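Read through the structure below, which is laid out as structure tokens, and then see the notes.
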Amino acid sequence: MIFDGIINVFFGLIDGLLNLLPSFDFVFNFPDTTQFRIFLGYADYFFPVGTLLICAGIYFDFSHGMFLWRFLKMVWKLLPFT
């Protein structure tokens with residue numbers, strides 16, 4: 001009961017502070033993906049779309065993994081005790 005009161009006071013203060021901030025309308029304009037969908041439609045004649053998406057995911061995983069590995073190697077070389 002005491003803990004509940006403390007939490008209510010804490011979140012009441014947070015809510016009060018957040019209410020002081022002005023409100024904004026966020027408008028997201030996403031790019032048109034029509035050409036990508038057309039490409040997937042053409043590629044679907046030869047390969048299933050699921051297979052293409054899995055291949056693209058593996059490619060991106062390897063490319064980002066190599067970037068992370070090179071970054072970690074660079075940090076390791078910069079450490080003074082290595």
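No experiment lies behind these values; they were computed from the predicted model shown. By convention here, the first residue in the shown sequence is residue 1.
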Quick check on the hydrophobic clustering: are [X] and [Y] connected, directly or via other members, by side-chain heavy-atom contacts under 4.5 Å?
X     : Y     : answer
Ile6  : Phe11 : no
Tyr45 : Phe47 : yes
Leu21 : Leu13 : no

Answer yes or no: does atom CG of Leu20 have more than 12 heavy-atom neighbours from other residues, nucleotides or ligands under 6.0 Å? yes
Residues which pass side chain to side chain contact (heavy atoms under 4.5 Å, CB included) with Phe36, listed by chain and number, not counting sequence neighbours: Leu40
Nearest 0.5 Å, please: how far is CD1 in Ile38 from OG1 in Thr34? 6.5 Å
To the nearest 0.5 Å, atom CE of Met74 lies from atom CG of Leu79 at 10.0 Å
Exercise: identify the closest heavy-atom pair between Tyr42 and Phe46: O-CD1, 3.9 Å
So, Asn8 side chain and Asp4 main chain: donor-acceptor pair closer than 3.5 Å or not? yes
Please table the atom pairs, donor to acceptor, closer than 3.5 Å between any side-chain atom in residues 51-67 and protein atoms at least two apart or in another chain.
{"unit_1": "Ser63", "atom_1": "OG", "unit_2": "Tyr59", "atom_2": "O", "d": "3.3"}
{"unit_1": "Ser63", "atom_1": "OG", "unit_2": "Phe60", "atom_2": "O", "d": "3.0"}
{"unit_1": "His64", "atom_1": "ND1", "unit_2": "Phe60", "atom_2": "O", "d": "2.7"}

